[in-house]
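Have a look at the structure below before the remarks.
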Amino acid sequence: MAVDKYRQIIQQLILEKQARKSYPEGVEKQAVIDTERDHYLLLHTGWRDNNHRTHGCSLHIYIKDGKIWIQHDGSEAGIATQLLELGVPKKDIVLAFHSLYTRQFTKFATH
């Protein structure tokens, strides 16, 4: 698959996740889509119960050397599974949240 297609798929998934109202009131989801540098994030920021600050990254993906690198996946369904369902081959998905040593035991790309 071409990198342009990967960009489209990742953007679609990030925006779908942003549109879902799964965070408590007061917590905002922000999609960060950088197609020039191929970085894609879903952030959450705000206040829960008016006194608990939350700020973090729910999803961080980037495209490097024609492959999709998953740096962080806080989704329930698993973004790698969703990528597979959308036609991305395992050889083009890197589970970068695993160490290089651990990646060799997955069915996905090591680098």
Side-chain angles (χ1 to χ4, degrees):
M1 256 186 205
V3 170
D4 287 337
K5 182 64 176 171
Y6 290 166
R7 286 184 185 116
Q8 290 176 324
I9 289 170
I10 294 167
Q11 287 179 58
Q12 171 192 334
L13 290 172
I14 295 262
L15 293 173
E16 284 174 3
K17 289 180 181 308
Q18 180 191 25
R20 291 190 194 126
K21 298 189 187 261
S22 60
Y23 284 116
E25 186 175 331
V27 178
E28 179 182 348
K29 290 187 275 186
Q30 300 172 345
V32 179
I33 297 172
D34 180 353
T35 55
E36 185 176 322
R37 292 171 196 81
D38 281 324
H39 282 268
Y40 307 87
L41 296 97
L42 183 62
L43 304 174
H44 58 273
T45 187
W47 293 89
R48 293 179 293 125
D49 306 323
N50 293 324
N51 60 354
H52 293 95
R53 176 75 174 146
T54 182
H55 178 82
C57 177
S58 303
L59 190 61
H60 180 191
I61 301 170
Y62 67 88
I63 300 172
K64 176 181 166 186
D65 299 327
K67 295 184 180 180
I68 298 173
W69 290 66
I70 303 171
Q71 289 293 332
H72 179 72
D73 183 2
S75 67
E76 290 180 21
I79 199 72
T81 300
Q82 292 178 296
L83 291 167
L84 291 171
E85 290 170 355
L86 292 170
V88 178
K90 289 178 185 177
K91 68 176 183 62
D92 286 350
I93 300 172
V94 178
L95 303 180
F97 52 84
H98 286 310
S99 70
L100 185 57
Y101 174 77
T102 304
R103 286 183 223 157
Q104 69 181 321
F105 302 112
T106 72
K107 296 179 181 181
F108 296 92
T110 58
H111 60 279

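Side chains are part of it too, since the values below use all heavy atoms of this structure and drop only hydrogens, waters and symmetry mates.
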Inset, instruction - I would like to know whether Leu84 and Phe108 meet side-chain contact (heavy atoms from CB on, under 4.5 Å); could you show each step before the answer? - result: CA-CA 10 Å; Leu84 291 171; Phe108 296 92; 3.9 Å; yes
Inset, instruction - Please test Glu85 against Thr81 for side-chain contact (heavy atoms from CB on, under 4.5 Å), starting from the C-alpha separation and ending with a verdict. - result: CA-CA 6 Å; Glu85 290 170 355; Thr81 300; 3.7 Å; yes
Inset, instruction - Check the pair Ile63 / Ile10 against side-chain contact (heavy atoms from CB on, under 4.5 Å), numbers first and verdict last. - result: CA-CA 10 Å; Ile63 300 172; Ile10 294 167; 3.8 Å; yes
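Side-chain contact check for Leu83 versus Leu13: some heavy-atom pair is nearer than 4.5 Å. Contact of the Gln30 side chain with the Leu42 side chain is not registered, since no non-hydrogen atoms from C-beta on lie closer than 4.5 Å. Two residues are said to be in side-chain contact when any heavy atoms from C-beta on lie closer than 4.5 Å; Ile68 and Ile61 meet this criterion. Side chains of Ser75 and Lys17 form a contact here, defined as non-hydrogen atoms less than 4.5 Å apart. In this structure the side chain of Arg7 reaches within 4.5 angstrom of the side chain of Val3, judged on heavy atoms. Residues Asp73 and Leu95 have side chains not in contact (no heavy-atom distance under 4.5 Å, counting atoms from C-beta outward). Looking at Val32 and Leu43, their side chains come closer than 4.5 Å, going by heavy atoms from C-beta outward. Here the side chains of Phe97 and Ile70 are in contact, with some heavy-atom distance below 4.5 Å.
Counting heavy-atom neighbours within 6.0 Å of Phe105 CZ, excluding the residue itself, gives a total above 12. Counting non-hydrogen atoms of neighbouring residues, nucleotides and ligands closer than 6.0 angstrom, the CD atom of Glu25 reaches no more than 12 such neighbours.
No continuous path of ILVMFWY side-chain contacts below 4.5 Å connects Ile14 to Leu41, so the two sit in separate hydrophobic clusters.
Side-chain atoms of Arg53 never come within 3.5 Å of backbone atoms of Trp47 as a donor-acceptor pair (strictly under, hydrogens ignored). At least one donor-acceptor pair under 3.5 Å links the side chain of Trp69 to the backbone N or O of Lys64. Under a 3.5 Å cut-off, the side chain of His72 and the backbone N or O of Cys57 do form a donor-acceptor pair. Judged by distance alone, the side chain of Thr35 and the main-chain N or O of Asp38 form no donor-acceptor pair under 3.5 Å. In this structure, the side chain of Asp34 engages the main chain of Glu36 through a donor-acceptor pair within 3.5 Å. Although no hydrogens or angles enter the test, the distance criterion places a donor-acceptor pair under 3.5 Å between the side chain of Lys67 and the main chain of His111.
Classification of the His60-Tyr62 ring pair by plane angle, with boundaries at 30° and 60°, yields tilted.
A donor and an acceptor atom, one from each side chain of Tyr40 and Gln11, are nowhere located under 3.5 Å apart. Side-chain atoms of Tyr6 and Asp92 include a donor-acceptor pair closer than 3.5 Å. For Glu16 and Gln12, the side-chain atoms include at least one donor-acceptor pair closer than 3.5 Å.
Taking every heavy atom of both residues into account, Arg103 and His98 meet most closely at NE-O, 3.0 Å. Here the closest non-hydrogen pair linking Thr110 and Val94 is O-CG1, 4.0 Å.
Listed by chain and number, the hydrophobic cluster partners of Leu100 come to none, as no ILVMFWY side chain reaches under 4.5 Å of it.
Distance check, rounded to the nearest 0.5 Å: CD of Gln82 to CD1 of Ile79 gives 4.5 Å.
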